[in-house]
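First up is the structure itself, then whatever we jot down about it.
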Amino acid sequence: MKQFIDPLAGLNDAQREAASCTEGAVLVLAGAGSGKTRVLAHRVANVVHQKHARPWQILAVTFTNKSARELKERVAAITPDGDEVAAGTFHSIFLRMLRREAKAIDYPRDFTVFDMDDSNRLVKMILNEKGEKRFQPRSIRAAISRMKNDMITPEQHENRAKTSDQKFINEVYREYENRLLQYAGMDFDDLLIRPIGLLKNHPSVLAYWRDRWRYIHVDEYQDTNLAQFELIKILGGSRPNLCVVGDDDQSIYGWRGARVENIFRFREAFEGTKVFRLEQNYRSTQPILELAHSVVSRSTMREDKKLWTEKKEGKKPEVIRLSTEADEAGEVVDRIGREVLSGKREYRDYAILYRTNAQSRLFEDALRSRRFPYQVIGSLRFYDRKEIRDALAYFKICINPRDDVSLRRIISEPPRGIGTTTLDHLVEWSRANDTTLTKALINGEVVEGLSSRGANNCRKFGEQIENWRNELKEKKLNEWAKWVLEDSGYIRRLEDGDKFENATRLDNINELISGLAQFEEEADESENGLADFVEQVALATDIDKYDPEADSVRMMTIHSAKGLEFPVVFVTGLEKGLFPFERMGDSDYDPDEERRLFYVAVTRAEKELILTMAWQRRKWGVLSGCAPSPFLKELPREFISESGTSSPYAAKQGSLGFGSSRDRNSKKAVSSFRKTNTSSSQKQETISPDDIPAIHYGDLVRHKVFGDGMVVNAVKYRNDIKVTVEFEDGQHDLLQSKAKLQPLKDF
DNA sequence: CGCATAATACTTTTT
DNA sequence: GTATTATGCG
């Protein structure tokens, strides 16, 4: 039946033209909301329909696993076997290739994927060994990543390095690469770079994959980096069937090595490229598009274009200025509450966007206190939690015993009598004998400098790991995982500890184990089950878990919001320094990228767009004044309506500036709003529990070391209270149960 | 020598 | 709110 469906049904003329061009190199310049993912899906369907290729011979690279899944679903809806399309992120697609072809580049098939945290740990290890404390591991690792994205090897960088800092970084880079090889690990950048070498140096491998993927599609092409462009060129060859879709205005990953120029260079790289433009926007109303255009047209270096829409009518975008960040959260959430409770909209219609993850907390607090359903995308991912990473490290060391980074993570988690001194000896021995830490553990007796007790502890742990590894193939995955975490003492330690958060951690571990059970059920006899699970976790994006069905308010960074759309969008924190984000001493800061980010933010909105800012915001715990974002000042007045407190001076008077319109709308909203507003001047979690004598702002206390001081803040911290006290020599954070503060009589 | 505790420092965006 | 460091105890 399905073969009678027109694969191009439902497309407009421009979309149809692009999707029907199934030969040669095609570049689709598609504006925000112009249906580019649709075009991609229909083009894939069209290729199959015209019998140019079977679905599994078509490669579609997208930005997230979620959009890959969506693309598959779209294709499957109009094409027989459509779900067999090879769709995924660059990283996941080429990881699969690398596993298959591991032999060719002298890697074991079960190499470990080092995610960002692993990479940072590795850099830190190297810095520690070199006794260098001047640099932050993260910044070094970022520099290395930038070089790898630009395909600069340590050897090449050696000649360019002029300053001693650069030379040092190069030294770390070289050692970092050595260690990855030694540990049989690949970082995220390797997943793109290694395939280039693989394909270039192995003609038979290249021939296989070129034949396998006869049609190549790339979504969000503006966010490709040099390595990705190179991969496309190699796979495409001289007569590519290649279609890339992108929008230079939405390039927001320059800091990660993405090159917008790849769009312009595409036409040079592939002769006879056909270019199509999609300029009709199906998402937003005219007023929103006007505002978006006024912002992005100031950007230098862009393809000139202007989106248009048939939705001429629509609400003017609003700008609201609030006194404090808590007021901002209160206003946004109250507005959502009013409209949902009056039946005008559902929770799922709203998205709250922000520049940095840290901003999510106040909105969360406000939503939670009103019991509104919400989901935060990003910030603290499930798989980034300490206990989950610990558990995964246990799994990883069993899959790949050469993975020293994982071993070091868990060697004292729980403590098993192997401390820093013993570890140092082990590391030294393993390096001297050119072997792994796991080997050193088992040979504890031979390692010089170890006490007999230390050696014994090492051997016991080494044998334990070996035992786990052997049982891996014998047991069901979830049972094996549970057993390993129990046998290792990890679970027991969580159970025994009386810490407040341990219960949550245990819950999370259990969730991981049931996730493993589910994975095993769904995975159809995949050969290396656990390895597949672990790598899926490493490459998972938080947006992948985004549930469009749930009726809840969505909160996420603008970066995470790319590719999504919502009826009502709040873009928050529009203050100078925060958005556009500025950081001192950031050399490769690109103001245009912030501008494009703002463009991405506002073009998420279908019907209503609200921009908010606060005159005061807490930064590093200190309340400081904020100036409006330059973006706000640029907005042509005729495109927006403004409200709220108009100056920082008004802010000091409290939040009276916008009381009147509120009173008319809802008394209830006002009262709930006022409540947050008053509690916001203190921290929301300010406590006075029953078991500990209450401590309050302004209390005078005495500390045995710091002397007398005044309490300026008290916040719940784990199952204790963190008290900030202003002493003569400055502020100190103290734990109330530990610091034994003596209350002094008030004057 | 190992480990727990207390204090300090740090906080863009992400495959 | 967390990861690292410093300190002191067993």
Side-chain angles (χ1 to χ4, degrees), chain A residues 61-65 88-95 113 115-117 119-121 124 128 133 136-138 142 145 149 187-192 220 223-225 227-228 252-258 354-359 361 378-381 384-386 412-425 449-451 453-454 457 497 499 501 538-544 556-562 573 577-583 586 589-590 593-594 596-597 600-601 618-621 683 685 705-706 715-718 720 722 730-735 737-740:
Chain A
V61 194
T62 59
F63 192 70
T64 60
N65 291 308
T89 62
F90 269 100
H91 292 83
S92 65
I93 295 274
F94 288 99
L95 171 60
V113 175
D115 64 20
M116 208 174 50
D117 186 66
S119 298
N120 283 333
R121 277 168 181 268
K124 209 164 128 199
N128 280 342
K133 296 216 154 121
Q136 268 191 299
R138 300 184 59 188
S145 179
N149 281 324
D187 67 11
F188 280 169
D189 305 320
D190 283 324
L191 299 182
L192 306 178
E220 308 283 13
D223 286 323
T224 53
N225 61 29
Q228 288 161 329
I252 55 174
Y253 283 101
W255 52 273
R256 204 169 75 179
Y354 34 77
R355 178 71 228 292
T356 66
N357 281 308
Q359 286 164 258
R361 261 197 49 221
S379 69
L380 222 187
R381 295 165 59 226
D384 284 338
R385 285 164 217 264
K386 181 187 180 305
S412 286
E413 201 69 53
R416 35 175 74 86
I418 307 173
T420 44
T421 320
T422 307
L423 182 60
D424 285 345
H425 287 302
L450 289 196
S451 62
R453 200 211 266 163
N457 289 336
K499 288 220 181 86
E501 72 270 18
L539 296 182
T541 322
D542 213 56
I543 198 77
D544 297 341
M556 67 198 86
T557 63
I558 301 159
H559 283 90
S560 299
K562 195 164 77 146
L578 182 61
F579 193 18
F581 195 89
E582 282 167 31
R583 212 167 64 145
D586 197 350
Y589 171 74
D590 177 6
E593 182 149 309
E594 295 290 316
R596 293 191 295 264
L597 194 57
V600 168
R618 206 168 277 276
K619 284 167 193 163
W620 312 288
K683 271 280 182 61
E685 292 136 309
V705 180
F706 301 123
V715 181
K716 193 191 263 181
Y717 179 72
R718 307 205 169 164
D720 206 331
K722 185 162 85 177
Q731 284 194 357
H732 291 268
D733 284 350
L734 308 161
L735 285 179
S737 67
K738 304 288 151 70
K740 301 200 178 70

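By convention in this document, chain letters (A, B, ...) are assigned in the order of the sequence lines, proteins followed by strands, and residues within each chain are numbered from 1. Bear in mind the structure is a predicted one, so any value in this text is a computation, not a measurement.
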>> Please report the distance, rounded to the nearest Å, between CG in A:Asp117 and P in B:dT14.
In response: 15 Å
> Quick one: is B:dT14 close enough that its OP1 or OP2 comes under 4.0 Å of any side-chain N or O from A:Ser560?
Replying inline: yes
>> On the nucleotide B:dT11, are OP1 or OP2 found under 4.0 Å from the side-chain N or O atoms that A:Gln136 carries?
In response: yes
> Within this structure, what is the CD1-to-P distance between A:Ile252 and B:dT13, rounded to whole angstrom?
Replying inline: 13 Å
> A:Met556 CE to B:dT14 P: how many Å, rounded?
Replying inline: 11 Å
> A:Arg355 has a side chain; which of B:dC1, B:dT11, B:dT13 sits nearest to it?
Replying inline: B:dT13
> How long is the line joining CZ of A:Arg121 and C1' of C:dT4, in whole Å?
Replying inline: 11 Å
>> Strictly below 4.0 Å: does A:Arg256 bring a side-chain N or O up to OP1 or OP2 of B:dT13?
In response: no
>> Could you work out, with side-chain contact (heavy atoms from CB on, under 4.5 Å) as the rule, every residue matching A:His559, not counting sequence neighbours?
In response: A:Ile252, A:Tyr253, A:Trp255, A:Arg355, A:Thr557, A:Leu597
>> Should A:Trp255 be counted as stacked on B:dT13, where stacking needs a ring-centre gap under 5.5 Å and an angle between planes under 30 degrees?
In response: yes
> Whole-Å distance between B:dT14 C1' and A:Gln228 CD?
Replying inline: 12 Å
> Just how far is it from atom CG of A:Leu191 to atom CD1 of A:Ile93, taken to the nearest 0.5 Å?
Replying inline: 12.0 Å
>> Nearest to the side chain of A:Ser412, heavy atoms from C-beta on, is which of B:dC10, B:dC1, B:dC3?
In response: B:dC3
> Heavy atoms under 4.0 Å, any strand shown: does A:Phe90 hit a base, just sugar-phosphate, or nothing?
Replying inline: nothing
>> Tell me every residue that passes salt bridge (charged side-chain N to carboxylate O under 4.0 Å, His left out) with A:Asp424, counting only those two or more places apart in sequence or in another chain.
In response: none
List every contact pair, protein side and nucleotides 5-10 of chain C side both N or O, where the distance is under 3.5 Å.
none

> A:His425 side chain: which of B:dT13, B:dC1, B:dT11 is closest?
Replying inline: B:dC1
> Just checking A:Thr422: base, sugar-phosphate only, or nothing, at a heavy-atom cut-off of under 4.0 Å?
Replying inline: sugar-phosphate
>> Among residues at least two apart in sequence or on other chains, which ones pass ring pair (Phe, Tyr, Trp, His ring centres under 6.0 Å) with A:His91?
In response: A:Phe188
>> For a quick test of reading the model: is some side-chain N or O of A:Asn357 closer than 4.0 Å to OP1 or OP2 of B:dT13?
In response: yes
> Can you check the A:Asp189 CG to B:dT14 C1' distance for me, whole Å?
Replying inline: 11 Å
> Do the non-hydrogen side-chain atoms of A:Arg138 and A:Asn120 ever get within less than 4.5 Å of each other?
Replying inline: yes
> For A:Lys124, which residues count as a salt bridge (charged side-chain N to carboxylate O under 4.0 Å, His left out) partner, sequence neighbours excluded?
Replying inline: none
> How long is the line joining OH of A:Tyr354 and P of B:dT13, in whole Å?
Replying inline: 10 Å
> Once you round it to whole Å, what is the distance between P of B:dT12 and CD of A:Glu594?
Replying inline: 13 Å
> Under 4.0 Å: is that the gap between some side-chain N or O of A:Thr557 and OP1 or OP2 of B:dT14?
Replying inline: yes
> Taking C-beta and beyond as the side chain, do A:Arg256 and A:Asn225 meet within less than 4.5 Å on heavy atoms?
Replying inline: no
> A:Pro415 or A:His559: which one's nearest nucleotide on DNA chain B is closer to the 5' end?
Replying inline: A:Pro415
>> Among residues at least two apart in sequence or on other chains, which ones pass ring pair (Phe, Tyr, Trp, His ring centres under 6.0 Å) with A:Phe90?
In response: none
>> Counting the atoms with a prime plus P, OP1 and OP2 as sugar-phosphate, which does A:Arg416 contact under 4.0 Å by heavy atoms, base, sugar-phosphate, or nothing?
In response: sugar-phosphate
>> On DNA chain B, compare the nucleotides closest to A:Ile418 and A:Glu593; which residue's is nearer the 5' end?
In response: A:Ile418
